[in-house]
Colleague: 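Let me give you the structure first, and then I'll get to my questions.
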Amino acid sequence: MFWIIPALAALGVLLWFINGIRKIGAVSAGDPIGARAGTALLLVDLQTVFWDAGYFTEADKDEAKRQVLAEVDAARANGMPVIALRQEWSIPSTKAVAKLLMKGQAVAGTAGTELAAPFKDVADRILVKRVQDGFETKELDRVLEELDVGKLRIVGLDANYCVAKTALAARHRGYGVEIVRAGVLSADQKGAEKTFDMLRAKQVAVC
């Protein structure tokens, strides 16, 4: 019978770890935003640790960089705010998942969580997100309400994860959402096309 306590402890740790995985991929609902006039450009996870990790070809990065910076220039010309989201795993269970399954990349307090060099000075606001959904902390909700934003144009990475989950969370709240395809990177291009089809079915424009 002495095995019961360590077995229960091991089960507790396993469930805690699984809950961390669930938190990472969950999509928040939030409150409906109502009518808002503005549009914002949202940069997702364009950080050194991901940009320089070798997940994407140099050709794909060059194309994405050109498109992202063109979107920034267009936003500036049209008086649109530019908001950057940075990933930092800081919830204990998600940090454990990141350390075990993601090479420890973007864990809070580690190197490389800053915006990558091409995007270092382009954002008006830089917000930290803790999971794939950029709305999870509610700080993005607050900033977009302050700026009267009702529509988002999204660029960044990765299409299958943080871009998709943030876009879905935005739609749940009633935002109009456009993903700028040429400004979005994915380590799995075939998977990205399926993701874009799913997003279109959820009324997310992919242009």
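Please read all numbers here as calculations on a predicted model, not as lab measurements.
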Colleague: State, yes or no, whether a side-chain contact exists between T110 and V49 at a heavy-atom distance under 4.5 Å.
Modeller: no

Colleague: Go through the structure and list residues passing side-chain hydrogen bond (donor to acceptor under 3.5 Å, both in side chains) with Q189, not counting sequence neighbours.
Modeller: R181

Colleague: Heavy atoms only: give me the nearest N19-R22 pair and the separation to one decimal.
Modeller: OD1-NE, 2.9 Å

Colleague: Answer yes or no: is there an ion pair linking R200 with D197, defined by an N-O contact shorter than 4.0 Å?
Modeller: yes

Colleague: Is there any salt bridge (charged side-chain N to carboxylate O under 4.0 Å, His left out) pair reaching into residues 78-88, and which pairs are they, with sequence neighbours excluded?
Modeller: R86-E88

Colleague: In chain order, what residues pass the side-chain hydrogen bond (donor to acceptor under 3.5 Å, both in side chains) check against E63, with sequence neighbours excluded?
Modeller: none

Colleague: Could you list the donor-acceptor pairs under 3.5 angstrom formed between side-chain atoms of residues 98-109 and any protein atom two or more places apart in sequence or on another chain?
Modeller:
unit_1, atom_1, unit_2, atom_2, d
Q105, OE1, Y55, OH, 2.4
Q105, NE2, Y55, OH, 3.3

Colleague: Minimum heavy-atom separation for R171 to V204, with atom names?
Modeller: CG-CG2, 3.3 Å

Colleague: So which atom in P81 and which in V149 form the shortest heavy-atom distance, rounded to 0.1 Å?
Modeller: CG-CG2, 4.3 Å

Colleague: Hey, are D133 and S28 close enough side-chain-wise for a donor-acceptor pair under 3.5 Å?
Modeller: yes

Colleague: What residues, two or more places apart in sequence or in another chain, satisfy side-chain hydrogen bond (donor to acceptor under 3.5 Å, both in side chains) together with Q87?
Modeller: K129

Colleague: Do the side-chain N and O atoms of T113 and Q47 include a donor-acceptor pair separated by under 3.5 angstrom?
Modeller: no

Colleague: Under the side-chain hydrogen bond (donor to acceptor under 3.5 Å, both in side chains) test, which residues partner S186, sequence neighbours left out?
Modeller: D158, N160

Colleague: Quick one: sort the F119 and W51 rings into parallel, tilted or perpendicular, breaks at 30° and 60°.
Modeller: perpendicular

Colleague: Closest approach of T48 and L115, non-hydrogen atoms and distance?
Modeller: OG1-O, 3.7 Å

Colleague: Short question: side chain of T166, backbone of Q132 - any donor-acceptor pair under 3.5 Å?
Modeller: yes

Colleague: Kindly say whether V82 contributes a backbone atom to a donor-acceptor pair with the side chain of D124 at under 3.5 angstrom?
Modeller: yes

Colleague: With the threshold set at 4.0 Å, does a side-chain nitrogen-carboxylate oxygen contact exist between E139 and R142?
Modeller: yes

